[in-house]
Amino acid sequence: MGTVLLTGANRGIGLEFVRQYAADGWSVIACCRSPASASALASIKGHVAIHALDVADVQATARLGEAIEDGIDVVIANAGIGAKDVGDFGAIDYGAWDRAFAVNVRGALATAEAFAPHLKKAEGKLAFVSSLMGSIEDASRGAICYRATKAALNMVAKLTAAELSENGVSVAPFHPGWVKTEMGGPGAPVTVVESVAGLRRRIMEMSPTAPVRLVDYTGKYFPW
């Protein structure tokens, strides 16, 4: 087993990642904004170290990277917000828009930069939790801010791979499916257990020489 670090670890997909990795004997570095209120995360048995981190705070993300010395086998940039409060075309709340980009894009890039040295030590894998909603070819209408953040995140993943692949680090963005979480809603067809189990398989298949493509938890590829 190895060491995995993930952001947004207190609920939904992130929390299930912690459960599954910890159950399989991995050392888990679980990051979330408010550990004091993350009771479900704190209850998980195993080698789980919980750190307070808001990925929108770039300096805090960098400090956590400096505080960790050992290599990390897997980093999962999972923290994100749904941006439902931003509004749609003609009624955009640009303050909420900026917050969504700060978390979903800038925060993910800051995570990659902060832990790149640790990934290089381990020749590890960097997974960005993206979405099919970031596909420009697949776009229709609505959710303009969320779609824009995930399209930008896909570009971040592509360019980060170009920076790190020569050091043996694998990088890819993943669509977790429409998952039954607080963000996905109760009508979503995919359980969080199914999604995370599939994503973990896809992460283990990652290679630094493979083309960077948007892939879902089942292994299906989507257009950019």
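Values in this document were obtained by computation on a predicted structure and should not be read as measured data.
Put simply, the side chain of Ser195 never gets that close to the backbone of Gly177: no donor and acceptor are under 3.5 Å apart. Judged by distance alone, with hydrogens and angles left aside, the side-chain atoms of Thr7 form a donor-acceptor pair with the main-chain N or O of Asn78 at under 3.5 Å.
Under the 4.5 Å side-chain criterion, counting only non-hydrogen atoms from C-beta, Lys121 is not in contact with Asp70. In this structure, the side chains of Asp216 and Leu132 stay at 4.5 Å or more apart for every pair of heavy atoms. Within the 4.5 Å cutoff, the side chain of Lys150 has heavy atoms near those of the Leu153 side chain. Annotation: side chain of Val212 is not in contact with side chain of Val171 (no heavy-atom distance under 4.5 Å).
Evaluation of the side-chain contact (heavy atoms from CB on, under 4.5 Å) rule for Ile92 yields Val86, Tyr94, Trp97, Ile144 as partners, not counting sequence neighbours. With sequence neighbours left out, the side chain to side chain donor-acceptor pair (under 3.5 Å) criterion links Glu113 to no other residue.
Hydrophobic side-chain contacts under 4.5 Å tie Leu159 into a cluster, directly or through other members, with Met155.
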(request) Assess whether side-chain contact (heavy atoms from CB on, under 4.5 Å) is satisfied between Thr160 and Leu126, documenting all intermediate values. (result) CA-CA 9 Å; Thr160 300; Leu126 171 59; 3.8 Å; yes
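Taking the six-membered ring where the residue is Trp, Tyr21 and Phe17 present parallel rings, their angle staying beneath 30° rather than reaching 60°.
The only member of Leu5, Ile68, Ile29 that meets side chain to side chain contact (heavy atoms under 4.5 Å, CB included) when paired with His118 is Ile68.
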